[in-house]
Chemist: 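Have a look at this one.
Note that the coordinates shown come from a computational prediction; the quantities given were computed from them, not determined experimentally. In the text below, chain A, chain B and the rest are named by the order of the sequence lines, each starting its count at 1.
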Number of protein chains: 2
Amino acid sequence: MTGPTGCASRTVATRILGLDPGLRITGFGLIDVLGSQLRYVASGCIKTRDGELPGRLKVLLDGVREVITTYAPDLVAVEKVFVNVNPQSTLLLGQARGAVICGAVSCDLPVAEYTALQVKQSVVGHGKAAKEQVQHMVQRLLLLDASPSPDAADALACAICHAHGSQGLGAIAGIGTRRRAGRIQA
Amino acid sequence: MTGPTGCASRTVATRILGLDPGLRITGFGLIDVLGSQLRYVASGCIKTRDGELPGRLKVLLDGVREVITTYAPDLVAVEKVFVNVNPQSTLLLGQARGAVICGAVSCDLPVAEYTALQVKQSVVGHGKAAKEQVQHMVQRLLLLDASPSPDAADALACAICHAHGSQGLGAIAGIGTRRRAGRIQA
């Protein structure tokens, strides 16, 4: 498991663990939510090497459980994965996602699910945002000195998406939206 | 969790847990292997109700762990699932299979994987056997009084497949194979 660790102290009501599942790389990101304020806690990746599937799923399961034990989040937000053109890839990704969710539910944490579209709409303001835009907005919203890695950024974005939803904020008004003919295009 | 429980006493070297993963119904079946003899231990199903995916995956994870705690198998044989025509179904099935495998690896058990083709070839003798043939052969090989349910039969068949493979028996010679023009058609 790799990734920077930031401040892990608890002074806020809700700590959200965002997860971006993948068989090779699963990104994770934790934020604290205090009212309308978001604070970065930590982020990184759980990586699996080539090898037999059961062993790789165990790495993901144990990795998510280790993150939860270390940072004690209150809930987990998991990104819904793409249905790939290749059915075998879809099956592998599904199994990885199953292992990642099992890591959360085995710690008795509630799990919310968000599509990539929902995450991008919430963080960038429109659903077709590029990875770089997500990274940029995550850095800006969490006041980070540097841009997080793409996998960590997606995981942090998923956590931010849940924070916005649970605060009833929805998408960040005015950021990344385009007004055309009097209508906001999300 | 439902299903008949048989003799759970241990007098043999190897106990195999076979699993046939599914999001709605995951079949399980346990056999003991003593030399070339197979003995039925128990079988049944772990069922999940409609609802949120994380909760259903938890039922599968906890169910597999409960079976392992109850019957203390030495290893697990899991059937590889079909890639469905519907990508969403493939994704759901993949997540269920991920949860089922996590149940096994979280108990530190080794996991072997077999395709439906391998299982049918090993138990019935050819890869295109119907479900009823699998049920019939499982009943016959394990000397059961009645035919197991289709899900339990598939799980038991997967365990038998592993037993045959680990004994170097391969497919059961002569059962369900057709000899034509001097060539065995599997």
Side-chain angles (χ1 to χ4, degrees), chain A residues 17 19 21-23 26 46 48 51-66 68-69 75-116 158 162, chain B residues 17 19 21-23 26 46 48 51-66 68-69 75-116 158 162:
Chain A
L17 166 60
L19 291 167
L23 183 58
T26 285
I46 303 162
T48 74
E52 294 297 315
L53 181 74
R56 300 180 76 178
L57 297 185
K58 189 172 193 316
V59 170
L60 295 180
L61 178 75
D62 291 347
V64 170
R65 288 176 58 86
E66 189 183 328
I68 290 170
T69 303
L75 58 89
V76 180
V78 184
E79 187 159 323
K80 287 189 178 176
V81 294
F82 276 106
V83 170
N84 202 292
V85 178
N86 180 338
Q88 280 300 340
S89 300
T90 301
L91 194 60
L92 284 174
L93 192 52
Q95 290 170 100
R97 190 169 191 271
V100 166
I101 291 176
C102 280
V105 296
S106 69
C107 295
D108 290 323
L109 289 181
V111 177
E113 301 181 275
Y114 297 97
T115 64
C158 196
H162 183 85
Chain B
L17 166 60
L19 291 168
L23 183 58
T26 285
I46 303 162
T48 73
E52 295 296 315
L53 181 74
R56 300 180 77 178
L57 297 185
K58 189 172 192 317
V59 170
L60 294 179
L61 178 76
D62 291 347
V64 171
R65 288 177 58 86
E66 189 183 327
I68 290 170
T69 304
L75 58 90
V76 179
V78 184
E79 187 159 323
K80 287 189 178 176
V81 295
F82 276 106
V83 170
N84 203 292
V85 179
N86 180 337
Q88 279 300 339
S89 300
T90 301
L91 194 60
L92 284 174
L93 192 52
Q95 289 170 100
R97 190 169 191 271
V100 165
I101 291 176
C102 281
V105 295
S106 68
C107 295
D108 290 323
L109 289 181
V111 177
E113 301 181 275
Y114 296 97
T115 63
C158 195
H162 183 84

Chemist: Would you give the length of the straight line joining atom CG of Asn86(A) to atom OG1 of Thr90(B), rounded to the nearest 0.5 angstrom?
Modeler: 10.5 Å
Chemist: Could you pull out the closest heavy-atom pair between Ser106(B) and Leu61(A), with the gap in Å?
Modeler: CB-CD2, 3.7 Å
Chemist: Heavy-atom pairs under 4.5 Å with chain B are the metric here; pick the option from Ala112(A), Pro87(A), Gly103(A) that has the most.
Modeler: Pro87(A)
Chemist: Taking side chain as everything from C-beta outward and backbone as N, CA, C, O, which of these in Val76(A) sits under 4.5 Å from a heavy atom of chain B? Side chain, backbone, both or neither.
Modeler: neither
Chemist: Check whether Ile101(B) gets within reach of chain A through its side chain, its backbone, both or neither, counting any heavy atom under 4.5 Å.
Modeler: side chain
Chemist: What is the minimum heavy-atom distance between Lys58(A) and Val105(B), and which atoms define it?
Modeler: CE-O, 3.0 Å
Chemist: Kindly give the heavy-atom pair with the smallest separation between Pro54(B) and Glu113(A), and that separation in Å.
Modeler: CD-OE1, 3.6 Å
Chemist: Below 4.5 Å from any heavy atom of chain A, which atoms of Val78(B) appear? Answer side chain, backbone, both or neither.
Modeler: neither
Chemist: Chain B: which of Val81(A), Asp62(A), Leu91(A) shares the most heavy-atom pairs with it under 4.5 Å?
Modeler: Leu91(A)
Chemist: Would Arg97(A) and Leu53(B) satisfy side-chain contact (heavy atoms from CB on, under 4.5 Å), going step by step from the backbone distance to the final call?
Modeler: CA-CA 11 Å; Arg97(A) 190 169 191 271; Leu53(B) 181 74; 3.6 Å; yes
